[in-house]
Amino acid sequence: MLRIKKFVLFVRFSLAVFFTCSVLSAVHANELIDTKSLAQEVEKEVISWRRDLHQHPELSNREFRTSKIIEKHLISLGLDVRTDIAHTGVVGILKGGKPGPLIALRADMDALPVTEEVDLPFASKVTDTYRGQKVGVMHACGHDAHVAILMGVAQSLVKVKEYLHGDVMFIFQPAEEGAPNGEEGGAELMLKEGLFADRKPEQIFGLHVTSSMPSGMIGLRSGPAMASEDSFTIIVNGKQTHGSRPWNGVDPIVAAAQIINGVQTIISRQVDVTAAPAVVSFGAINGGIRSNIIPDKVELIGTIRTFDQDMRADIKLRLANTASLIAESMGASASTEIQQGYPVTVNDPELVQKMKPVLLGVVGEKMLIEPGLITGAEDFSYYALETPGMFFFLGVTPAEADFKIAPSNHSPRFYVDESALVIGVEALTQLAVTSLR
């Protein structure tokens with residue numbers, strides 16, 4: 001009996017020592033991962049990459065040079081690299097030193113058909129063809145910063161991979177701004193082509209630079225954060241006649257005008273905007289060619305933005321019914337085609353609750369805010385439908401400028417304060433380290 005008691009005590013003591021050493025080892029490992037220093041070590045390279053990418057922007061599904069730069073960098077770090085997914089996408093896998101889950105970090109790569117007006121030594125002079133027109137090309141949404149930041153994060157995490165309990169998937173995604181007409185692209189195509197087929201990450205993180213916050217500030221919102229986006233086309237058919245005798249035809253222009261006014265009541269009078277905001281906007285009206293000819297048809301195009309999937313479906317139905325019934329009441333007809341766009345970007349509440357203290361540790365209480373709902377859309381939303389996701393914003397407007405009136409993303413005068421990039425590197429690196437403890 002005494003021997004048994006001694007053996008039990010010995011086992012308990014051994015287990016206590018084992019667990020204590022394990023905890024101390026984990027704590028020691030986390031102390032060794034100084035993400036701030038890691039970010040500072042790559043800061044100059046991140047800025048250099050960003051400037052090079054900014055000077056050589058490429059439109060959606062045409063990010064050939066960009067993807068080659070990324071591929072070469074990831075291979076140099078020893079990552080398992082996959083290319084040519086969704087045309088120009090690049091994916092790298094970092095194997096951690098210890099077993100654990102897979103997490104993903106994402107950056108988008110494409111530029112916009114915008115002619116740059118910022119006076120920089122590395123300003124874009126690139127031109128290309130977009131929808132049959134010669135246009136300037138500019139990283140007017142900051143995707144050059146996203147790519148450079150994630151390249152820096154990969155370089156930082158490679159240095160400490162032996163301490164990571166799990167693996168990291170680095171996703172460099174093309175065509176976030178939308179694929180060219182007649183093509184597929186972006187996050188949806190990456191998933192369609194098997195991005196998560198072999199192994200789905202347990203969490204995914206992404207960031208977006210914005211001029212609407214001071215440089216270095218982070219904005220994080222739980223739940224719905226960015227709107228869904230759907231485009232629509234309404235064709236109003238009438239009967240062509242001479243402008244001096246409208247009674248001999250059916251005027252689709254007047255019907256279109258009534259449809260535009262009627263559609264505004266969908267948001268103002270028909271849906272519960274206290275549940276979630278919504279927007280329906282018309283962007284173009286095309287019809288007619290002469291002042292004295294009432295045309296056969298008019299084309300209306302526009303966009304729908306919502307933060308709730310049920311409301312999204314309801315508004316689409318109401319839009320089609322409103323257009324059809326108003327046109328019918330005037331002797332015309334109307335057909336509505338809706339091009340489904342990006343879903344609502346939803347930040348997983350549990351993931352946000354867990355990771356908000358991480359970002360708080362990076363920037364401090366005064367520099368972490370909860371922004372309002374953003375009616376812009378993001379195809380990061382597709383990833384977040386597959387696995388818990390968290391998407392946050394990084395301010396890039398210099399302290400001496402007023403962020404409230406700073407040129408917005410997509411403006412030819414959009415400007416990135418590069419001192420914020422190191423914050424982005426540290427934030428994503430720390431999120432990865434925390435997820436893989």
Side-chain angles (χ1 to χ4, degrees), residues 48-71 83-84 86-90 107-148 172-190 208-211 229-233 235 281-290 295 297-303 337 339 341-342 376-379 396 406-416:
S48 178
W49 291 327
R50 184 257 162 176
R51 292 182 178 184
D52 177 68
L53 294 168
H54 189 85
Q55 199 166 14
H56 301 92
E58 296 171 300
L59 293 173
S60 302
N61 278 358
R62 306 292 184 268
E63 307 92 339
F64 303 113
R65 180 181 182 274
T66 303
S67 63
K68 288 296 181 185
I69 291 172
I70 295 166
E71 177 188 359
T83 60
D84 302 325
H87 305 296
T88 57
V90 183
D108 38 13
M109 307 189 297
D110 51 331
L112 288 160
V114 173
T115 301
E116 182 156 14
E117 296 179 8
V118 184
D119 184 15
L120 294 170
F122 52 91
S124 170
K125 306 297 182 186
V126 174
T127 60
D128 205 339
T129 301
Y130 182 75
R131 294 184 176 176
Q133 299 183 39
K134 185 177 179 181
V135 295
V137 183
M138 176 191 175
H139 271 295
C141 203
H143 295 186
D144 52 338
H146 302 167
V147 171
F172 292 87
Q173 178 209 302
E176 189 281 325
E177 299 291 355
N181 288 341
E183 297 182 21
E184 293 182 276
E188 188 175 22
L189 185 58
M190 293 198 84
H208 204 300
V209 296
T210 177
S211 65
E229 178 273 326
D230 298 298
S231 299
F232 63 84
T233 302
I235 303 296
S281 293
F282 288 88
I285 307 172
N286 301 306
I289 195 169
R290 279 180 61 95
K297 68 178 182 179
V298 171
E299 177 191 59
L300 307 173
I301 61 174
T303 186
E337 179 184 352
Q339 300 83 40
Y342 301 160
E378 239 291 346
D379 76 348
V396 291
S408 67
N409 296 55
H410 288 219
S411 164
R413 294 176 294 280
F414 175 70
Y415 176 80
V416 171

Asker: Testing the basics here: between P174 and M109, what is the closest heavy-atom pair and its distance to 0.1 Å?
Answerer: N-CE, 3.8 Å
Asker: When you look at CD1 of I301, are more than 12 heavy atoms from neighbouring residues, nucleotides or ligands closer to it than 6.0 Å?
Answerer: yes
Asker: Is any side-chain heavy atom of T83 closer than 4.5 Å to one of S67?
Answerer: no
Asker: Could you check whether any side-chain heavy atom of L59 comes within less than 4.5 Å of a side-chain heavy atom of P113, counting everything from C-beta outward?
Answerer: yes
Asker: Where the side chain of N61 meets the backbone of E184, is there a donor-acceptor pair that is under 3.5 Å apart?
Answerer: yes
Asker: Quick one: pull up OG1 in T210 and CG in N409 and give me the separation to the nearest 0.5 Å.
Answerer: 5.0 Å
Asker: Taking V137's backbone N and O only, do any of them form a donor-acceptor pair with S124's side chain (distance below 3.5 Å, no angle check)?
Answerer: yes
Asker: Do Q55 and P121 come close enough that some side-chain heavy atom pair is under 4.5 Å?
Answerer: no
Asker: Does E71 use its side chain to pair, donor to acceptor, with the backbone of I69 at less than 3.5 Å?
Answerer: no
Asker: Here's a test for you: under salt bridge (charged side-chain N to carboxylate O under 4.0 Å, His left out), which of R65, R51, R50 qualifies with D144?
Answerer: R50
Asker: List the atom of G185, the atom of A179, and the distance in Å for their closest heavy-atom pair.
Answerer: N-CB, 3.7 Å
Asker: Taking H56 for its side chain and D52 for its backbone only, find out whether a donor-acceptor pair lies under 3.5 Å.
Answerer: yes
Asker: Using atom types as modelled and distance alone, determine if a side-chain donor or acceptor of E63 lies under 3.5 Å from a backbone N or O of Q173.
Answerer: no
Asker: Nearest heavy-atom pair of A175 and Y342: which atoms, and what distance?
Answerer: O-OH, 3.8 Å
Asker: Taking S211 for its side chain and P407 for its backbone only, find out whether a donor-acceptor pair lies under 3.5 Å.
Answerer: yes
Asker: Looking at residues at least two apart in the chain, or sitting in another chain, which of them share a side chain to side chain contact (heavy atoms under 4.5 Å, CB included) with F64?
Answerer: E58, R62, T88
Asker: Return the OG1 to NZ distance between T127 and K134, rounded to the nearest 0.5 Å.
Answerer: 4.5 Å
Asker: Please report the interatomic distance CG(N181) to OH(Y130), rounded to the nearest 0.5 Å.
Answerer: 7.0 Å
Asker: Looking at OG1 of T233 and CD of Q339, how far apart are the two atoms once the value is rounded to the nearest 0.5 Å?
Answerer: 4.0 Å
Asker: First locate atom NE2 of H54, then atom CE of M138, and finally report the distance between them rounded to the nearest 0.5 Å.
Answerer: 5.0 Å
Asker: Evaluate the side-chain proximity of H143 to H208: yes if any heavy-atom separation is below 4.5 Å, no if none is.
Answerer: yes
Asker: Please check if any side-chain donor atom of S231 sits under 3.5 Å from a side-chain acceptor atom of E229, or the reverse.
Answerer: yes
Asker: Side-chain contact, heavy-atom cut-off 4.5 Å: V209 with H146?
Answerer: yes
Asker: Side chains of H410 and E177, heavy atoms from C-beta outward: is any pair under 4.5 Å?
Answerer: yes
Asker: What distance separates L300 CG from N286 CG, expressed to the nearest 0.5 Å?
Answerer: 8.5 Å
Asker: For E188, what residues pass the side chain to side chain contact (heavy atoms under 4.5 Å, CB included) criterion, not counting sequence neighbours?
Answerer: Y382
Asker: Taking all heavy atoms of F414 and all of V396, pick out the closest pair and write down the distance.
Answerer: CZ-CG2, 4.3 Å
Asker: So, for S411 and A140, which heavy atoms are closest and what is the spacing to 0.1 Å?
Answerer: O-CB, 3.6 Å
Asker: Heavy-atom distance under 4.5 Å between the side chains of P412 and T115, does that happen here?
Answerer: no
Asker: Side chain of D110, backbone of E176: donor and acceptor closer than 3.5 Å?
Answerer: yes
Asker: Examine distances only and state if a side-chain atom of S60 and a backbone atom of G178 form a donor-acceptor pair shorter than 3.5 Å.
Answerer: yes
Asker: Heavy-atom distance under 4.5 Å between the side chains of F172 and V147, does that happen here?
Answerer: yes
Asker: Assess, by modelled atom type and distance only, whether the side chains of H87 and E183 contain a donor and an acceptor separated by less than 3.5 Å.
Answerer: no
